[in-house]
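Below: one structure, written as structure tokens.
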Amino acid sequence: MFSENLHFFEKLSIFLIETKIPHEKIKFLKNTISLKGGFIVTNPSTADVILTILKSPARISRYIGSETRKPIVSIEWVDKCVSKGARIEFVDYLIRGIEEDAMDWTTVEEEEEDQDLFDEDSNSSSSRSPIYTSENEHSDDGRDVDLDPRFLNTSYECLRPTPLKPKFNAKLVELLEVIERAREVNDQWRNALSYRRAIAVLKSYPRDIISHKEIKKIRGIGSKIGYQIESYLRTGTITEAEHILQDKRFHTLELFASIFGVGFKTALSWYRKGYRTIEDCKNHPNLTKAQQLGLQLFDDLREKTLPQNSPFSKRRMSREDVEEIYNIIKENVKKLDPGCVLQPVGGYRRGKELNGDLDLIISHPDEERVPSLLNDVITTLTEGGYIKNLLYRARSESRTGIIDHLEKCFVAFLQPSTQIKRQVDFIIATQSQFASALVGWTGSRQYERSLRRYAKREKKMVFASHGLFTNTKPRILIPTSTEREIFDILGVPWLEPEMRNC
DNA sequence: TGGCAATACTG
DNA sequence: CAGTAT
DNA sequence: GCCA
């Protein structure tokens with residue numbers, strides 16, 4: 001008899017911030033929503049409405065990134081709808097501080113893009129938990145398995161070796177990386193970071209994961225990612241990742257963010273303006289200088305964010321490409337001043353086959369020579385017809401006039417054999433900075449993060465690529481002359497660059 | 001419940 | 001200060 | 001998203 005009310009959430013996609021909501025209540029909400037025709041999505045950008053119990057906008061924003069266009073509503077609204085038996089206005093339940101932006105949602109239809117089912121329906125993976133309480137459904141993934149004793153169960157990636165090409169868990173890693181990138185382009189960097197840490201774990205784990213009981217013991221894998229892995233073990237894939245890969249919006253955002261000078265915020269804002277191609281971006285009214293360069297050189301550089309197998313990235317450098325460029329630079333620099341010391345770092349030093357750029361430290365035993373070094377190098381290579389553009393330059397005299405950092409310059413370098421402009425990052429270091437520059441510029445990104453976090457948390461030190469310091473009022477420089485010495489002082493194990501690929 | 005790497009340039 | 005780069 |  002109230003059949004007209006049965007589906008009062010018809011086609012409404014809802015993102016639920018589960019934090020602080022009691023478990024039972026979550027179950028109730030999810031049940032109610034799907035019962036009434038609505039569905040849960042696991043990404044705020046695809047939701048019509050965001051439900052939460054939280055009150056502070058700051059707290060909320062960490063769950064939804066910069067997604068401010070969607071109405072954020074207290075869960076009491078659902079209760080009210082249920083008691084009225086109808087979908088009521090949520091004006092009275094909007095969370096303060098976001099109404100401004102949220103109001104323009106009343107016009108959802110008009111403003112919303114094509115079918116961005118980013119992960120609509122990933123409710124299939126996160127909201128159905130009651131269905132399989134699993135225990136004995138599958139013979140091989142429910143076993144209680146101890147962690148492999150060779151694996152160091154720490155949250156610091158820098159304490160354990162991570163090879164470039166792990167022998168195990170490759171497919172799983174690949175899928176989780178998709179989700180990581182999706183979180184990133186959606187401006188949820190904390191979530192992306194969690195995925196990155198979980199991925200690092202799997203890359204260093206010395207065998208295939210076979211049991212979900214096993215994974216829950218690992219630091220860095222919690223309930224959400226644990227659930228994703230569990231579902232992977234059952235089905236051989238992760239639905240959310242599959243959906244993301246089908247999603248045009250995701251690919252467009254990644255494409256935009258791969259432009260030098262364009263980050264995730266800009267990529268999102270351009271997408272919202274309706275841009276869909278690189279040509280659209282070129283017509284943007286006020287491009288920054290970096291973006292102009294990034295667009296102008298797009299076909300050469302690309303590489304910023306895109307994974308190796310992206311259809312847009314065909315231009316990574318083989319090791320031979322890198323060596324060709326390195327040799328040219330070395331020759332020219334030695335001619336300029338035979339005392340110079342050159343050291344390629346970055347992915348190349350870690351053994352990567354395909355590199356997006358070349359990172360190169362240049363040093364000189366004579367401190368006096370160092371300040372003028374970068375200019376001379378750039379000038380020589382520009383006159384030689386190699387350096388075509390300057391992408392970024394950190395001057396030695398900063399605003400404060402203090403030179404506590406490394407002088408550096410990123411350029412577009414014309415590779416003779418291919419006539420492709422490659423990004424080369426020059427880093428200048430004095431001899432006393434050389435060791436930390438080496439550690440700091442070899443990476444990986446995640447390795448650097450963990451090393452610095454470890455230095456701060458466990459050793460009360462600050463590590464930066466220009467030096468190791470005490471974490472005291474005025475920082476005191478701890479002199480270091482070799483990589484090994486830095487590792488020793490920090491108390492982290494020596495890892496070959498090839499084992500820093502987390 | 002705070003914190004997640006650290007640092008510099010641009011606009 | 002927000003955004004981007006490493 | 002996860003941990004201390």
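Here the structure is a predicted model, which is why all the values come from computation and not from measurement. Residue numbers begin at 1 in each chain, while the letters A, B, ... track the order of the sequences.
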Testing the basics here: between A:Gln291 and A:Asn286, what is the closest heavy-atom pair and its distance to 0.1 Å? OE1-O, 4.5 Å
Starting from C1' on B:dG11, measure out to CD on A:Gln292 and report it in whole angstrom. 12 Å
Is the phosphate of B:dG3, meaning OP1 or OP2, less than 4.0 Å from a side-chain N or O of A:Arg452? no
Which nucleotide in B:dG11, C:dT6, B:dC9 has an atom nearest any side-chain atom of A:Ala394: B:dC9
Per the under-4.0 Å heavy-atom filter, residues of residues 489-502 of chain A near DNA chain B come out as none
Between A:Lys456 and B:dA6, does any side-chain N or O lie under 4.0 Å from OP1 or OP2? yes
Respond yes when some side-chain nitrogen or oxygen of A:Gln423 is under 4.0 Å from OP1 or OP2 of C:dT6, and no when none is. yes
Where the side chain of A:Ile225 is defined as all heavy atoms beyond and including C-beta, which of C:dT4, B:dA6, D:dG1 is the nearest nucleotide? D:dG1
Over all atoms of both residues, closest heavy-atom pair of A:Gln433 and A:Ile428: OE1-O, 4.4 Å
Donor-acceptor pair, A:Asn169 side chain versus A:Ile209 backbone, under 3.5 Å? yes
What pairs with A:Arg349 under salt bridge (charged side-chain N to carboxylate O under 4.0 Å, His left out), at least two apart in sequence or on another chain? A:Glu483
What is the distance from CG of A:Asn186 to P of D:dG1, rounded to the nearest Å? 11 Å
Length of the line joining A:Arg445:CZ and C:dT6:P, which is rounded to integer Å: 10 Å
Shortest side-chain distance from A:Phe410, nucleotide among B:dT7, D:dA4, C:dT6: C:dT6
How long is the line joining CG of A:Leu374 and P of B:dC9, in whole Å? 13 Å
Assign A:Leu176 to base, sugar-phosphate, or nothing according to its heavy-atom contacts below 4.0 angstrom with the strands shown. nothing
Could you check whether A:Glu240 and A:Gln228, counting side-chain N and O atoms only, form a donor-acceptor pair closer than 3.5 Å? yes
Output all residues satisfying salt bridge (charged side-chain N to carboxylate O under 4.0 Å, His left out) with A:Glu279, sequence neighbours left out; order by chain, then residue number. A:Lys282
DNA chain B: A:Arg457 or A:Ser465, which has the more 5' nearest nucleotide? A:Arg457
Between B:dA5 and C:dA5, how far apart are the two C1' atoms, rounded to whole Å? 14 Å
Do any side-chain nitrogens or oxygens of A:Arg190 fall under 4.0 Å of OP1 or OP2 in D:dC2? no
Looking at every strand, decide which applies to A:Ile427 at a 4.0 Å heavy-atom threshold: base, sugar-phosphate, or nothing. nothing
Is there side-chain contact between A:Cys281 and A:Phe256, with heavy atoms separated by less than 4.5 Å? yes
Nearest whole Å is fine: how far is B:dC9 P from A:Tyr392 OH? 6 Å
Side-chain N or O of A:Lys224 closer than 4.0 Å to phosphate OP1/OP2 of D:dG1: yes
Tell me whether the rings of A:Trp270 and A:His284 are parallel (<30°), tilted (30 to 60°) or perpendicular (>60°). tilted
Calculate the interatomic distance between A:Lys216 atom NZ and D:dC3 atom P; express it in whole Å. 13 Å
Considering every strand and a 4.0 Å limit on heavy-atom distances, what is the contact class for A:Ser223: base, sugar-phosphate, or nothing? sugar-phosphate
N/O donor-acceptor pair under 3.5 Å between A:Gln292 side chain and A:Leu287 backbone: yes
Is the phosphate of D:dC3, meaning OP1 or OP2, less than 4.0 Å from a side-chain N or O of A:Arg197? no
Between D:dG1, B:dT7, B:dA8, which nucleotide gets closest to the side-chain atoms of A:Tyr195? D:dG1
Rounded to whole Å, please give me the gap between CZ in A:Arg453 and C1' in B:dA5. 9 Å
Starting at atom CZ of A:Arg349, determine the distance to atom P of C:dT6, rounded to an integer number of angstrom. 20 Å
Which sits closer to the 5' end of DNA chain D, A:Ser194 or A:Ser155, going by the nucleotide each is nearest to? A:Ser194
